[in-house]
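The structure under discussion appears below in the form of structure tokens.
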2 protein chains.
Amino acid sequence: MTEFNNFFKSAFSVDNVIFGFDEGDLKVLLINRGAEPYKGMWALPGDLVYPNEDLDSAAGRVLEELTGLRDVYLEQVNAFGAVNRHPLGRVITVAYYSLIKISNYVVTPASFAQQAKWHSLGEVNTLAFDHNEILNACYQRLKQRVRTRPVGFELLPPKFTLTELQHLYEAILETGLDKRNFRKKILSMNLLVDLDETQEGVAHRPAKLYQFAQERYEKLVREGFSFELKESKRKPSSPLPA
Amino acid sequence: MTEFNNFFKSAFSVDNVIFGFDEGDLKVLLINRGAEPYKGMWALPGDLVYPNEDLDSAAGRVLEELTGLRDVYLEQVNAFGAVNRHPLGRVITVAYYSLIKISNYVVTPASFAQQAKWHSLGEVNTLAFDHNEILNACYQRLKQRVRTRPVGFELLPPKFTLTELQHLYEAILETGLDKRNFRKKILSMNLLVDLDETQEGVAHRPAKLYQFAQERYEKLVREGFSFELKESKRKPSSPLPA
DNA sequence: TGGGGTTCATGTAAATAACACGCAAAGTCC
DNA sequence: GGACTTTGCGTGTTATTTACATGAACCCCA
């Protein structure tokens with residue numbers, strides 16, 4: 001057993017890629033590290049896992065400490081365990097991503113951060129540790145999920161317009177979609193409830209508001225669906241912000 | 001840093017779900033544990049990760065010790081870290097699955113096993129640790145992969161018939177497929193090379209042999225494809241072995 | 001109060017992909 | 001050489017996906 005105990009010299013952490021959606025693009029919540037190593041650099045929020053804590057709980061805790069949110073969509077993606085990924089010892093990390101409604105709350109930097117801030121996915125620079133790699137893996141996973149589960153909705157406010165929903169898909173999939181085909185497809189899934197309300201205060205014809213049908217939503221999350229739409233030939237999504 | 005070091009009391013392992021395909025059904029390679037805990041029970045092959053070893057390397061090592069094979073399809077699935085999943089301490093495990101050509105080699109039980117043996121997926125009973133859960137997660141992942149990457153081929157011998165290929169898909173997807181549609185679809189992918197050879201010694205019309213086109217294969221592994229065929233109405237796969 | 005600006009909402013025809021289906025040919029076995 | 005088994009193809013039918021344009025609703029401002 002002595003030999004066995006030699007192995008118990010490592011630790012593990014969770015890192016959480018927190019996605020939000022705002023102003024038409026996809027964002028990640030990053031923290032500015034308040035402690036060494038990598039002090040002052042941007043990083044994914046994460047923490048060592050407590051001895052009596054499950055991985056999922058740890059990921060949920062990190063999220064809650066930072067945002068105050070519970071009961072949020074949270075999915076484990078992968079473990080990262082390169083030998084030297086952490087300068088202070090052998091630490092493997094388990095990556096999670098979560099989807100939150102960005103408008104729902106105020107970010108309160110946790111103890112381990114000086115600052116927490118949303119970054120557009122396209123504007124993320126070099127992060128601490130191997131966090132760029134982790135971020136990328138989580139983003140790829142999200143991209144894939146969006147095509148087979150209706151998880152996109154987790155990112156939207158309770159009431160939304162079809163155009164907002166389309167912009168969300170376009171941002172995640174990095175593509176442009178045909179409006180009519182998008183609507184036809186999404187409406188045919190019986191996933192949306194027409195609220196008989198419209199936007200107010202917009203300087204143009206107001207759009208109808210929808211919410212998603214909870215039961216149907218859960219069914220589709222469980223069973224999966226297939227959302228495949230070809231990139232629109234006519235209106236490729238602009239690579240530049242307006 | 002003292003506090004930090006309190007965390008370094010845990011270990012991590014890899015467990016490897018090794019899939020093979022033979023006699024028309026999907027198999028997993030299990031070991032009979034030669035040491036406590038769970039001595040004598042069937043389990044997934046796995047091992048603690050050495051202090052200077054990457055996760056992927058560890059998974060590859062486990063596989064090689066058991067089968068002698070290198071350069072095999074290997075994919076990480078998930079980490080499992082329930083607090084009490086290991087009776088001797090906090091050990092989280094990272095699950096991998098690999099796909100091998102079952103006929104290629106002889107199983108040689110590694111040091112940690114008394115015995116290694118192929119089990120049909122349907123005949124797996126209670127395993128050590130949380131290995132049933134892990135096995136299931138890996139199987140689900142494989143099922144999903146098969147629909148978007150041509151990984152199925154990793155399980156077949158270098159030369160195979162279309163019928164064998166179809167049986168493989170049916171076994172993994174647990175479904176029955178229409179022969180003609182299956183052929184049409186798979187041939188239209190330009191993935192197969194007709195070897196101009198036929199089976200020998202079979203008591204019926206011999207089938208043509210194919211191999212898969214390496215380049216095209218790699219391209220499709222990278223880019224993905226979509227293999228969706230509806231379950232055949234006429235010949236649902238029999239739930240019972242012949 | 002009406003004209004300009006902007007976004008919303010919608011339907012159809014053409015092309016493509018998926019589906020169900022049956023029969024002749026190529027071998028082995030006896 | 002006749003019976004048996006499995007292979008290997010092609011086609012009509014149906015469902016899905018694609019491309020595409022115009023009038024309607026609302027705000028703002030002159």
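This is a predicted model, so every value here is computed, not measured. Chain identifiers are assigned alphabetically (A, B, ...) following the order of the sequence lines, protein sequences preceding nucleic acid strands; residue numbering begins at 1 within each chain.
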Starting at atom [atom1] of [X], determine the distance to atom [atom2] of [N], rounded to an integer number of angstrom.
X: B:Lys208; N: C:dA25; atom1: NZ; atom2: P; result: 16 Å
X: A:Phe182; N: C:dT10; atom1: CZ; atom2: P; result: 15 Å
X: A:Lys230; N: C:dA15; atom1: NZ; atom2: P; result: 14 Å
X: B:Arg183; N: C:dC19; atom1: CZ; atom2: P; result: 17 Å
X: A:Asp178; N: D:dA21; atom1: CG; atom2: P; result: 11 Å
X: B:Glu164; N: D:dT7; atom1: CD; atom2: P; result: 9 Å
X: A:Gln166; N: C:dA9; atom1: CD; atom2: C1'; result: 13 Å
X: A:Glu200; N: C:dT7; atom1: CD; atom2: C1'; result: 17 Å

Answer with yes or no whether [X] presents, from its side chain, a donor or acceptor under 3.5 Å of a partner atom in the base of [N].
X: A:Arg205; N: D:dC26; result: no
X: A:Arg180; N: D:dA21; result: yes
X: B:Lys179; N: D:dT6; result: no
X: A:Lys185; N: D:dT18; result: no

Identify the heavy atoms of B:Val17 and B:Cys138 that sit nearest to each other, and give their distance.
CG2-SG, 3.6 Å

Would you call [X] and [Y] a salt bridge, using N to O less than 4.0 angstrom?
X: B:Glu197; Y: B:Lys208; answer: no
X: B:Glu223; Y: B:Lys219; answer: yes
X: B:Glu75; Y: B:Arg145; answer: yes

Report yes or no: does B:His131 contribute a side-chain atom to a donor-acceptor pair with the main-chain N or O of B:Ala43 at less than 3.5 Å?
no

For B:Thr161 and B:Asn181, find the nucleotide of DNA chain D closest to each by heavy atoms; which residue's nucleotide sits nearer the 5' end?
B:Thr161

B:Lys184 or A:Glu228, whichever maps to the more 5' nucleotide of DNA chain D:
B:Lys184

Under 4.0 angstrom, heavy atoms only, what part of the nucleic acid is B:Leu162 near: base, sugar-phosphate, or nothing?
nothing

Return the 5'-most residue of the pair A:Tyr210, A:His204 with respect to DNA chain C, ranking by each residue's nearest nucleotide.
A:His204

OP1 or OP2 of C:dA26 sitting under 4.0 Å from any side-chain N/O of B:Thr198?
no

